[in-house]
Amino acid sequence: MDCIFCKIINGDIPSRKAYEDENCYAFHDINPQSPVHILVIPKEHIASADGICAENSACVAKIFEAIPKIARDAGLTNGYRIISNCGDDACQSVKHLHFHIMGGRKLPENMG
Ligand code: AMP
Ligand code: ZN
């Protein structure tokens, strides 16, 4: 499958790893929009949040169990934002489910 995030999981494309377990992989965004900008992805390929269903939702729960640890390790002691762009109107550019963890400064109130 021609998916850059699957290639990152497989090590075919290099990345700056922030966290990994049997279920998910986290790495620093190549084009950070905040001082800390980490992407968390399931190892299983799911195209977007719109592809979450009863059969695969356990990996999403496990990602959200990992996020507090990822945030703590990244020094995000004063809060952070979790974003998942889903589909064209949200400008999702990589069609592998991912959660942006952003922080390290006061983020804008406006979410679009
Ligand atoms: P989205 O626009 O929500 O689909 O987010 C995709 C994110 O992936 C963007 O913030 C990109 O900067 C990031 N990105 C794309 N390619 C890479 C890569 N090879 N390594 C790290 N981050 C990447
Ligand atoms: Zn993928």
Side-chain angles (χ1 to χ4, degrees):
M1 192 190 305
D2 197 26
C3 169
I4 61 166
F5 285 179
C6 282
K7 287 180 181 163
I8 283 176
I9 291 164
N10 291 332
D12 298 333
I13 292 176
S15 63
R16 232 181 100 213
K17 179 160 106 171
Y19 174 83
E20 182 173 16
D21 63 27
E22 64 287 352
N23 171 73
C24 70
Y25 185 76
F27 55 105
H28 294 269
D29 197 292
I30 204 165
N31 183 24
Q33 306 293 313
S34 52
V36 174
H37 187 169
I38 293 170
L39 302 174
V40 193
I41 63 179
K43 289 191 169 173
E44 173 186 354
H45 180 91
I46 300 170
S48 76
D50 200 52
I52 298 169
C53 60
E55 285 68 42
N56 63 21
S57 62
C59 76
V60 179
K62 287 183 182 151
I63 283 175
F64 275 79
E65 288 172 26
I67 283 175
K69 177 175 167 42
I70 295 166
R72 203 163 46 241
D73 289 351
L76 297 176
T77 55
N78 202 42
Y80 51 92
R81 184 167 285 163
I82 303 167
I83 296 172
S84 189
N85 294 320
C86 177
D88 286 345
D89 277 1
C91 300
Q92 182 185 4
S93 61
V94 179
K95 306 296 194 256
H96 181 127
L97 176 63
H98 53 283
F99 297 92
H100 300 253
I101 301 176
M102 306 178 74
R105 66 168 160 83
K106 187 81 172 175
L107 298 167
E109 259 182 59
N110 192 319
M111 297 260 289

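All ligand and atom numbering here is 1-based and tracks the order in the structure. We use all heavy atoms of the structure for the numbers below, so side chains are in, but hydrogens, waters and symmetry mates are not.
- No salt bridge links K62 with D21; every basic N to acidic carboxylate O contact stays at or beyond 4.0 Å.
- Between F27 and F5, the two ring planes are perpendicular [angle over 60°; tilted spans 30° to 60°].
- A donor and an acceptor atom, one from each side chain of Y80 and S34, are nowhere located under 3.5 Å apart.
- Residues satisfying the side chain to side chain donor-acceptor pair (under 3.5 Å) criterion with H28, sequence neighbours excluded, are absent altogether.
- For the pair L97 and I41, the minimum side-chain heavy-atom distance is 4.5 Å or more.
- Of the charged side-chain nitrogens involved, at least one lies within less than 4.0 Å of a carboxylate oxygen, so that K43 and E20 count as a salt-bridged pair.
- Contact check for D29 versus I38: no side-chain heavy atoms found under the 4.5 Å cut-off.
- For the Zn ion (ligand 2), the neighbouring protein N/O/S atoms at less than 2.8 Å, given as residue and atom, are C3 SG, C6 SG, H45 ND1, H96 ND1.
- Ordered by chain and residue number, the residues placing a heavy atom less than 4.0 Å from ligand 1 are I4, F5, I8, F27, H28, D29, I30, N31, L39, N85, C91, Q92, S93, V94, H98, H100.
- D73 pairs by the salt bridge (Lys or Arg N to Asp or Glu O under 4.0 Å) definition with K69, not counting sequence neighbours.
- Counting heavy atoms from C-beta outward, I82 and H100 have side chains that stay 4.5 Å or more apart.
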